[in-house]
Amino acid sequence: QVQLVESGGGLVQAGGSLRLSCAASGRTFSSYVMAWFRQPPGKEREFVAVISWSGGGTNYADSVKGRFTISRDNAKNTVYLQMNSLKPEDTAVYHCAAQTGQAMAVHLSQYNYWGRGTQVTVSS
């Protein structure tokens with residue numbers, strides 16, 4: 001069992017930056033593949049970024065490539081999402097997720113654990 005708590009969301013102007021954090025409980029954090037998803041207003045939850053258990057592998061949605069960076073610190077049981085050059089269409093509730101498999105999954109159904117989310121609002 002792992003519990004995930006996101007933080008770092010807020011209101012930012014277009015072009016600005018935010019860094020989200022996701023703190024995980026449990027001693028086996030380093031064995032989980034971690035990801036960020038987001039749910040824009042009135043839309044379904046969508047994949048943003050994923051990172052392997054070691055941090056050596058990452059993958060991103062096309063909409064955020066070159067602007068967002070996912071990273072993790074296994075000593076601190078934390079995964080991060082650095083978001084630069086933010087756009088109004090990045091406005092969403094951002095959730096982190098964990099899975100016990102090895103695949104760099106991009107589908108919601110492949111994740112076992114979810115945080116409650118943190119709101120990111122980008123004004124134009």
Side-chain angles (χ1 to χ4, degrees):
Q1 190 81 9
V2 62
Q3 292 185 328
L4 305 173
V5 179
E6 302 93 338
S7 62
L11 174 64
V12 64
Q13 289 188 331
S17 298
L18 282 174
R19 188 175 84 151
L20 306 183
S21 299
C22 172
S25 65
R27 298 181 179 179
T28 58
F29 174 78
S30 60
S31 65
Y32 289 97
V33 171
M34 300 295 297
W36 287 94
F37 288 78
R38 67 186 182 186
Q39 188 160 14
K43 297 183 179 180
E44 294 185 349
R45 198 170 296 187
E46 62 185 23
F47 168 74
V48 175
V50 60
I51 189 167
S52 64
W53 63 270
S54 68
T58 59
N59 191 23
Y60 298 89
D62 288 343
S63 59
V64 307
K65 274 181 185 175
R67 301 188 298 123
F68 291 11
T69 303
I70 189 171
S71 61
R72 66 190 297 162
D73 185 338
N74 287 342
K76 295 183 178 179
N77 280 15
T78 302
V79 63
Y80 304 97
L81 186 68
Q82 177 66 43
M83 306 186 296
N84 299 328
S85 301
L86 282 161
K87 304 175 181 180
E89 51 263 44
D90 294 317
T91 294
V93 177
Y94 283 72
H95 299 266
C96 69
Q99 59 138 316
T100 54
Q102 296 299 309
M104 299 281 280
V106 301
H107 299 292
L108 283 74
S109 61
Q110 294 172 285
Y111 285 83
N112 310 95
Y113 305 104
W114 291 86
R116 299 184 70 174
T118 184
Q119 176 71 49
V120 171
T121 303
V122 184
S123 63
S124 57

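FYI, the numbering just counts along the sequence from 1. Values in this document were obtained by computation on a predicted structure and should not be read as measured data.
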Connected-component partners of Leu11 among ILVMFWY, side-chain separation under 4.5 Å: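 Result for Leu11 is none, singleton.
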Spatial distance of atom NZ (Lys43) from atom CD (Glu89) [nearest 0.5 Å]: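 Spacing of NZ (Lys43) from CD (Glu89) equals 9.0 Å.
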Are Tyr60 and Val48 packed together at the side-chain level, in the sense that at least one heavy-atom pair is separated by less than 4.5 angstrom?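 Side-chain contact under 4.5 Å: no.
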Do the side chains of Leu108 and Glu44 get nearer than 4.5 Å, heavy atoms only?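 Not in contact.
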Determine all donor-acceptor pairs shorter than 3.5 Å in which one atom belongs to a side chain in residues 12-23; sequence neighbours excluded.
unit_1 : atom_1 : unit_2 : atom_2 : d
Ser17  : OG     : Asn84  : OD1    : 2.9

Would you check if the distance from the ring center of Tyr111 to the ring center of Phe37 is below 6.0 Å?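 Distance test on ring centres: under 6.0 Å, yes.
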Mind running side-chain contact (heavy atoms from CB on, under 4.5 Å) on Val79 and Trp36 for me, showing each step along the way? CA-CA 9 Å; Val79 63; Trp36 287 94; 4.0 Å; yes
Can you confirm whether Gln119 is buried at CD, in the sense that more than 12 heavy atoms of other residues, nucleotides or ligands lie under 6.0 Å from that atom?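 Yes, the 6.0 Å shell around CD holds more than 12 heavy atoms from other groups.
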Considering all heavy atoms of both residues, which atom of [X] and which atom of [Y] are nearest to each other, and what is their separation?
X: Ala105; Y: Phe47; result: O-CE1, 4.1 Å
X: Ala24; Y: Leu4; result: CB-CD2, 3.6 Å
X: Tyr113; Y: Tyr32; result: CE1-CE2, 3.9 Å
X: Met34; Y: Ile70; result: O-CD1, 4.0 Å
X: Ile51; Y: Ser71; result: CD1-CA, 3.6 Å

Backbone of [Y] reached by a side-chain donor or acceptor of [X] within 3.5 Å:
X: Asn74; Y: Trp53; answer: yes
X: Glu6; Y: Arg116; answer: yes
X: Thr91; Y: Val122; answer: yes

Could you tell me whether Arg72 sits above the aromatic face of Phe29, with NZ or CZ closer than 6.0 angstrom to the six-membered ring centre and within 45 degrees of the axis?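 That pair qualifies as a cation-pi contact.
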With Arg45 as the cation and Trp114 as the aromatic partner, state whether NZ or CZ is under 6.0 Å from the six-membered ring centre and within 45° of the axis.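 Cation-pi check for Arg45 and Trp114: passes.
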Is there a path from [X] to [Y] through hydrophobic residues (I, L, V, M, F, W, Y) whose side chains come within less than 4.5 Å of each other?
X: Val33; Y: Val106; value: yes
X: Tyr94; Y: Tyr80; value: no
X: Val5; Y: Val120; value: no

For Glu46, what residues pass the salt bridge (Lys or Arg N to Asp or Glu O under 4.0 Å) criterion, not counting sequence neighbours?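 Glu46: salt bridge (Lys or Arg N to Asp or Glu O under 4.0 Å) contacts with Arg38.
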Test: Lys87 and Asp90 ion pair at under 4.0 Å: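 No salt bridge links Lys87 with Asp90.
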